[in-house]
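Down below is the structure, laid out as structure tokens.
Here, residue 1 is the first one in the sequence, and each next residue gets the next number. If you're wondering where the values come from, they're calculated on a predicted model, not measured in any experiment.
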Amino acid sequence: MKPYPCHDWGRLIGVPVEIRLDSEVVRAGVVDDAMPRPAALWLAADAGGGRELFTAAEGYEAWIRPRELGGKLCYKMAAAPLRGAPRLG
């Protein structure tokens, strides 16, 4: 599936993302922590670099790519809940 921008950064904790600036991928990784307003997120440290902060105010965008999972779940999406969908917990 094609990647698309996600504007609700608070929902991205634990999700793999691409960080883009001016349509160019700056870094990819897993979101370690995030704040929805003002939009800021931290990518976890990995082989590509240490823990790093990105903010929407500086022009960064977080892009996600839905992926197929095994088992009964088909896709993991970082999107707003569907209207009428059951909630877990």
In a table with atom names and distances, give each donor-acceptor pair under 3.5 Å that connects a side chain of residues 27-42 to protein atoms at least two apart or in another chain.
unit_1 : atom_1 : unit_2 : atom_2 : d
R27    : NH1    : G50    : O      : 2.8
R27    : NH1    : E52    : OE1    : 3.0
R27    : NH2    : A44    : O      : 3.1
R27    : NH2    : D46    : OD1    : 3.1
R27    : NH2    : G49    : O      : 3.3
R27    : NH2    : G50    : O      : 3.2
D32    : OD2    : R51    : NE     : 2.6
D32    : OD2    : R51    : NH2    : 3.2

How far apart are the closest heavy atoms of Y60 and I19, and which atoms are they?
CD2-CG2, 3.6 Å
For the OH atom of Y4 and the CD atom of E61, what is their distance to the nearest 0.5 Å?
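One finds 14.0 Å between OH of Y4 and CD of E61.
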How many angstroms lie between CG in D22 and CZ in R20, if you round to the nearest 0.5 Å?
12.0 Å
Please determine whether residues L53 and V15 belong to a single hydrophobic cluster, defined as Ile, Leu, Val, Met, Phe, Trp and Tyr linked transitively by side-chain heavy-atom distances below 4.5 Å.
no
So, do [X] and [Y] sit near enough that their side-chain heavy atoms are less than 4.5 Å apart?
| X | Y | value |
| --- | --- | --- |
| V26 | F54 | yes |
| L12 | C6 | yes |
| P5 | E18 | no |

